[in-house]
Number of protein chains: 2
Amino acid sequence: MKKSNPTDCSSAIIPVRDALDVISGKWKILILISITHGNKRFTEIQKSVPKITAKVLSKELKDLEEHLLIERKIIDDYPVRIEYSATPHSQTLSKLVKELQDWGVKHRAKIIGK
Amino acid sequence: MKKSNPTDCSSAIIPVRDALDVISGKWKILILISITHGNKRFTEIQKSVPKITAKVLSKELKDLEEHLLIERKIIDDYPVRIEYSATPHSQTLSKLVKELQDWGVKHRAKIIGK
DNA sequence: TTAATCACTAACCTTTAGGTAACTACTATC
DNA sequence: GATAGTAGTTACCTAAAGGTTAGTGATTAA
């Protein structure tokens with residue numbers, strides 16, 4: 001019997017794996033979209049991302065900060081506020097997010113239109 | 001106290017949510033990459049995607065088929081073979097996959113180079 | 001005085017994703 | 001006859017993700 005020799009595609013798979021490790025999950029991209037659209041405060045972000053809970057948002061913000069995609073600033077007046085902002089590094093994701101958005105529209109049309 | 005008025009970004013968030021529902025998870029994009037690189041058989045795909053188990057591959061292939069991203073063909077000779085292939089619809093993901101790959105490379109450089 | 005806002009955290013629970021090992025039925029090779 | 005490959009499935013289990021509820025301590029608006 002023939003042995004199957006798989007085509008090697010690790011040059012594509014390894015970087016994609018790296019990217020997915022950082023941005024996969026239900027929420028990270030959505031939070032990033034909200035912040036780049038100008039939402040800075042915890043509750044603003046929470047309101048703008050449908051169905052997210054405070055606990056999950058809190059955790060995801062920490063993850064995003066760790067991966068250098070957002071910044072957390074404490075604004076020290078009365079009362080103390082906290083503001084989140086997108087880092088320059090997160091802007092390297094903009095094309096990816098746009099593709100995701102376009103594809104979502106396309107896929108929905110495909111599924112509904114059949 | 002000021003009420004926070006979140007910027008509305010649902011026009012971006014909703015399509016991205018749709019896209020993520022279909023392609024998020026650890027494996028789907030990687031399997032799609034393997035198939036578009038020419039791997040057709042179950043075991044070829046399994047060998048080309050690091051660490052995936054037969055059970056997970058089997059389930060993910062079914063999901064991808066349901067979402068019209070791959071096709072499953074039964075080749076009826078001795079012995080019966082099964083071949084998976086990418087659909088035209090899955091090709092609409094190619095730019096997205098490329099972006100993911102590029103970003104993975106960029107992000108790795110950023111993390112290591114700091 | 002009461003209630004609400006802000007930015008969370010803790011304790012607890014459920015759901016989903018994913019992993020392990022064994023097994024099937026057929027074919028092919030040593 | 002033994003072993004290995006093919007394309008999975010089944011049962012069982014763990015880990016990770018995510019959800020629910022409540023609460024904190026400060027401020028402020030009605």
Side-chain angles (χ1 to χ4, degrees), chain A residues 1-7 13 17 20-32 34-35 38-67 70-85, chain B residues 1-7 13 17 20-32 34-35 38-67 70-85:
Chain A
M1 192 183 279
K2 276 176 286 186
K3 265 188 201 162
S4 61
N5 286 105
T7 308
I13 281 183
R17 161 99 299 158
L20 291 176
D21 284 345
V22 178
I23 57 163
S24 78
K26 259 175 105 169
W27 304 111
K28 292 202 177 59
I29 298 281
L30 303 184
I31 294 166
L32 233 32
S34 175
I35 294 175
N39 293 313
K40 297 177 195 315
R41 313 286 303 279
F42 190 91
T43 26
E44 281 175 0
I45 300 166
Q46 199 185 346
K47 282 175 190 160
S48 71
V49 177
K51 312 250 180 191
I52 198 165
T53 62
K55 180 198 150 183
V56 171
L57 179 54
S58 166
K59 189 208 140 234
E60 299 283 292
L61 286 170
K62 276 176 200 156
D63 285 359
L64 288 168
E65 209 193 338
E66 240 176 67
H67 288 119
I70 62 169
E71 235 190 313
R72 184 184 194 264
K73 266 185 204 149
I74 300 163
I75 312 285
D76 207 353
D77 54 44
Y78 288 130
V80 177
R81 281 171 299 139
I82 287 161
E83 288 191 359
Y84 295 93
S85 58
Chain B
M1 194 185 277
K2 276 176 289 186
K3 265 189 202 160
S4 60
N5 286 107
T7 309
I13 283 185
R17 161 99 298 158
L20 291 176
D21 285 346
V22 177
I23 57 163
S24 77
K26 259 177 104 169
W27 303 111
K28 293 202 177 58
I29 297 280
L30 303 184
I31 293 167
L32 234 31
S34 174
I35 295 175
N39 291 313
K40 297 179 197 312
R41 314 286 302 279
F42 190 92
T43 25
E44 281 175 359
I45 300 166
Q46 198 184 346
K47 282 176 192 160
S48 71
V49 177
K51 313 249 178 191
I52 199 165
T53 62
K55 179 200 150 183
V56 170
L57 180 55
S58 166
K59 189 208 141 234
E60 300 283 294
L61 287 169
K62 276 177 199 154
D63 286 358
L64 289 168
E65 208 192 342
E66 242 177 64
H67 288 120
I70 62 169
E71 236 190 314
R72 183 183 195 266
K73 264 185 203 146
I74 300 162
I75 312 285
D76 209 352
D77 54 43
Y78 287 131
V80 176
R81 280 172 301 137
I82 287 162
E83 288 191 357
Y84 296 94
S85 57

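Treat the numbers as computed from the prediction; the structure is a model and nothing was measured. Worth knowing before you read on, the calculation uses all heavy atoms, side chains too, and leaves out hydrogens, waters and symmetry mates. Convention: sequence-line order gives letters A, B, ...; per-chain numbering from 1.
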Quickly work out the [X] [atom1] to [N] [atom2] distance and round it to whole Å.
X	N	atom1	atom2	answer
A:I75	D:dA26	CD1	C1'	18 Å
B:E83	D:dA7	CD	C1'	13 Å
B:R72	D:dA7	CZ	C1'	8 Å
B:I45	D:dT6	CD1	C1'	13 Å
A:K47	C:dA4	NZ	C1'	11 Å
A:E65	C:dA7	CD	C1'	14 Å
B:L57	D:dA7	CG	C1'	10 Å
A:D76	D:dA26	CG	P	15 Å

**A:K28 vs A:E60, salt bridge (charged side-chain N to carboxylate O under 4.0 Å, His left out): CA-CA, chis, key distance, verdict** = CA-CA 6 Å; A:K28 292 202 177 59; A:E60 299 283 292; 3.4 Å; yes

OP1 or OP2 of [N] under 4.0 Å from side-chain N/O of [X]:
X	N	answer
A:S58	C:dA7	no
B:R41	D:dA7	yes
B:T43	D:dT6	yes
B:Y84	D:dG8	yes

Would you name the heavy atoms of [X] and [Y] that are closest together and state the gap between them?
X	Y	answer
A:Y84	A:L61	CZ-CD1, 3.6 Å
A:E44	A:K40	OE1-N, 2.9 Å
A:I13	B:S48	CD1-O, 3.6 Å

**Fill in**
With B for base contact, S for sugar-phosphate-only contact and - for none (protein heavy atoms under 4.0 Å), nucleotides 16-23 of chain C reads --BBB---

**Asked** Going through the checks in order, is the side-chain contact (heavy atoms from CB on, under 4.5 Å) test met by A:Q46 and A:I52?
**Response** CA-CA 6 Å; A:Q46 199 185 346; A:I52 198 165; 4.0 Å; yes

**Asked** Does any N or O in the side chain of B:N39 come within less than 3.5 Å of the main-chain N or O of A:P6, such that one atom is a donor and the other an acceptor?
**Response**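 No; judged by distance alone, with no hydrogens or angles, the pair does not exist.
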
**Item:** Residue A:I82, side-chain atoms from C-beta onward, closest of D:dG8, C:dC8, C:dT9
**Value:**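 The listed nucleotide nearest to A:I82's side chain is C:dC8.
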
**Request:** Could you list the residues that satisfy salt bridge (Lys or Arg N to Asp or Glu O under 4.0 Å) with B:K59, not counting sequence neighbours?
**Result:**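 If we apply the salt bridge (Lys or Arg N to Asp or Glu O under 4.0 Å) test to B:K59, skipping adjacent residues, the hits are B:D63.
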
